[in-house]
There are 2 protein chains.
Amino acid sequence: MSPSDPPAPDPAACPPHKPDPRIQQPDAPDACTPEGTGHADRFTRAREAQAQALLEDYVEMIGDLIEQLGEARVADIAARMGVAQPTATKAIARLKREGLATARPYRGVFLTETGARMADRVRVRHRTVVEVLVAVGVPRDLAELDAEGIEHHVSSQTLAAFQSYLDQRG
Amino acid sequence: MSPSDPPAPDPAACPPHKPDPRIQQPDAPDACTPEGTGHADRFTRAREAQAQALLEDYVEMIGDLIEQLGEARVADIAARMGVAQPTATKAIARLKREGLATARPYRGVFLTETGARMADRVRVRHRTVVEVLVAVGVPRDLAELDAEGIEHHVSSQTLAAFQSYLDQRG
DNA sequence: TCGGCAATATAGCCGTTGCTAACTTGATGA
DNA sequence: TCATCAAGTTAGCAACGGCTATATTGCCGA
């Protein structure tokens with residue numbers, strides 16, 4: 001290693017480090033980060049998307065179940081999510097906390113207005129992502145698999161671009 | 001609600017629930033899940049991808065830092081990831097545990113052979129994802145943002161499809 | 001040489017998402 | 001009617017990934 005001579009851009013021009021470590025939020029991009037333009041923002045963004053992902057998955061699934069079966073049972077939700085029932089119960093509690101779903105103990109789960117709208121949005125986005133993947137040559141079954149993870153990171157603007165692409169390719 | 005008459009496919013044909021709750025891994029897709037073809041697998045898959053994502057991000061970033069600055073310091077890693085230094089330290093500990101990086105206390109972080117290979121793979125994948133997004137009409141800066149989250153869910157087969165698409169598209 | 005400071009590490013907290021085990025509840029059939 | 005048992009909930013644990021606060025270390029300049 002050469003710790004004595006790291007080709008740092010300009011160590012002297014930067015304060016050795018934040019003298020004020022109050023909160024290193026992405027608010028202060030800190031141009032002194034070597035070569036660091038906005039990396040942190042990207043990761044922060046991705047992290048936040050991930051936090052939403054679970055809610056989106058549950059909401060969409062509950063919507064599907066209600067549509068297909070007339071109601072969403074915890075057992076079915078858990079089975080489809082591939083988790084144990086208590087895990088599903090806990091997730092539903094979070095949905096309730098966030099105002100996306102309602103549920104009375106030992107009864108089915110239902111979506112609020114907000115939750116239903118989210119479910120629709122998620123469903124559309126999912127379909128669009130799958131279609132784009134298919135359009136660029138990904139086999140449909142594989143597209144379905146990968147879309148599950150991808151969709152949560154597709155911003156609304158990117159989604160719009162996807163739709164334009166599909167339209168003009170129609 | 002109509003809990004008395006859910007249009008379930010065939011409740012009687014299914015055992016009320018797993019009499020053997022040992023482990024409800026996706027090993028047993030459980031065809032009795034209503035309409036449940038392989039939903040659980042998808043989510044399990046996405047969950048696993050997510051678990052890898054953090055490692056991939058760190059490894060790629062460490063590779064970048066070494067290339068650009070000659071060494072990867074914890075402070076730089078933390079700044080670029082947009083996290084506090086202890087968070088980065090903890091992540092590096094995990095990288096070490098998983099055999100992706102080496103680090104001596106108070107010295108820089110380095111990649112193992114395995115880690116370096118992962119970094120290369122991740123870098124290529126990231127670039128490819130960005131190019132595909134751009135190719136379908138997403139503005140480049142937005143593509144960079146969204147790719148950060150998307151890339152971790154792009155399977156190797158899908159990646160291959162992406163590359164073919166880019167190739168034949170010139 | 002050695003004192004001070006920046007960089008790193010450790011300790012300890014919180015929230016999330018998994019899990020299993022054990023308890024409740026409600027619906028069903030004898 | 002009521003006993004039974006699946007479905008659901010609650011309790012409690014582990015691993016992660018954040019954070020702040022505090023302790024170490026190592027480096028550099030006086």
Side-chain angles (χ1 to χ4, degrees), chain A residues 1 3-6 8 11-12 14-26 32 34 40 43-44 46-48 50-55 57-58 71-79 81-98 103-109, chain B residues 3-6 8 11-12 14-26 32 40 43-44 46-48 50-55 57-58 71-79 81-98 103-109:
Chain A
M1 73 226 72
S4 52
D5 181 23
C14 289
H17 222 241
K18 302 235 181 175
D20 179 355
R22 300 178 57 90
I23 283 185
Q24 64 280 59
Q25 281 177 349
C32 275
F43 291 110
T44 301
R47 242 175 275 135
E48 283 160 3
Q50 194 53 38
Q52 274 288 102
L54 193 115
L55 295 185
D57 283 340
Y58 273 95
E71 69 173 350
R73 309 299 304 254
V74 172
D76 293 335
I77 296 168
M81 290 298 295
V83 299
Q85 282 189 13
T87 302
T89 298
K90 210 183 281 189
I92 292 162
R94 191 178 157 205
L95 292 183
K96 288 201 281 188
R97 249 192 294 137
E98 313 234 353
R104 301 202 320 278
Y106 299 98
R107 292 304 185 78
V109 181
Chain B
S4 53
D5 182 21
C14 290
H17 223 239
K18 301 233 179 180
D20 179 355
R22 301 177 57 87
I23 283 183
Q24 64 278 60
Q25 281 177 347
C32 276
F43 291 110
T44 301
R47 242 175 276 135
E48 284 161 1
Q50 194 52 38
Q52 274 287 102
L54 192 113
L55 294 185
D57 283 339
Y58 273 94
E71 68 173 350
R73 308 299 305 252
V74 172
D76 293 336
I77 296 168
M81 290 297 296
V83 299
Q85 284 188 12
T87 302
T89 298
K90 211 183 278 190
I92 291 162
R94 192 177 156 204
L95 292 182
K96 289 202 282 189
R97 251 192 292 136
E98 312 235 354
R104 303 203 317 279
Y106 298 98
R107 292 306 186 75
V109 181

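No experiment lies behind these values; they were computed from the predicted model shown. Lettering follows sequence order; numbering is per chain, from 1.
Distance check: A:Arg107 CZ to A:Arg73 CZ gives 9.0 Å after rounding to the nearest 0.5 Å. Taking CD1 from A:Ile92 and NZ from A:Lys96, the interatomic distance works out to 8.0 Å, rounded to the nearest 0.5 Å. Put simply, CE on B:Met81 and CG on B:Leu54 are 5.5 Å apart, with the number rounded to the nearest 0.5 Å. Within the model, atoms CG of A:Leu95 and NZ of A:Lys90 stand 14.0 Å from one another, a figure rounded to the nearest 0.5 Å.
Scanning all heavy atoms of the two residues, the minimum distance from A:Ala88 to A:Ala78 falls at CB-CB, 3.8 Å. Contact between A:Val83 and B:Arg47 at its shortest, heavy atoms only, is CG1-NH2, 3.5 Å.
Mapped onto DNA chain C by nearest heavy atom, A:Ala91 and B:Val74 fall at different nucleotides, with B:Val74 at the one closer to the 5' end. Residues B:Met81 and A:Ala103 both approach DNA chain D. Their nearest nucleotides, taken by heavy-atom distance, put A:Ala103 toward the 5′ side.
Every residue meeting the salt bridge (charged side-chain N to carboxylate O under 4.0 Å, His left out) condition with B:Glu98, not counting sequence neighbours, appears here in chain and number order: B:Arg94.
Taking atom NZ on B:Lys90 and atom P on C:dA9, their separation rounds to 14 Å, with Å as the unit. Between the C1' atom of C:dT10 and the CD1 atom of B:Ile92 lies a distance of 14 Å, rounded to the nearest Å. Atom CZ in B:Arg47 sits about 13 Å away from atom C1' in C:dT16, given to the nearest Å. The interatomic distance linking A:Phe43 (CZ) with D:dG17 (P) rounds to 14 Å, in whole Å. The distance between atom OH of B:Tyr58 and atom P of D:dC16, rounded to the nearest whole Å, is 14 Å. Look at NZ on B:Lys96: it is 16 Å from P on D:dC16, rounded to the nearest Å. Whole-Å rounding puts the A:Ile77 CD1 to C:dT17 C1' distance at 16 Å. Atom CD in A:Glu71 sits roughly 13 Å away from atom C1' in D:dG8 (whole-Å rounding).
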Base contacts versus sugar-phosphate-only contacts with protein, heavy atoms under 4.0 Å: please encode nucleotides 23-29 of chain C as B, S and - from 5' to 3'. -BSSS--

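For A:Arg94, taking side-chain heavy atoms from C-beta onward, the closest of the listed nucleotides D:dG17, C:dT8, C:dT16 is C:dT16. Set against D:dT9, D:dG18, C:dC19, the side chain of A:Ala84 has C:dC19 as its closest nucleotide. Among the nucleotides D:dG18, C:dA11, C:dA21, the one closest to any side-chain atom of B:Pro86 is C:dA11.
For the OP1/OP2 pair of D:dT9 and a distance below 4.0 Å, the side-chain nitrogens and oxygens of A:Thr89 include at least one atom meeting the criterion. Proximity of B:Arg73 to the phosphate of C:dT8: a side-chain N or O atom is located under 4.0 Å from OP1 or OP2. Phosphate contact (OP1/OP2 of D:dG17, side-chain N/O of B:Thr87, threshold under 4.0 Å): absent.
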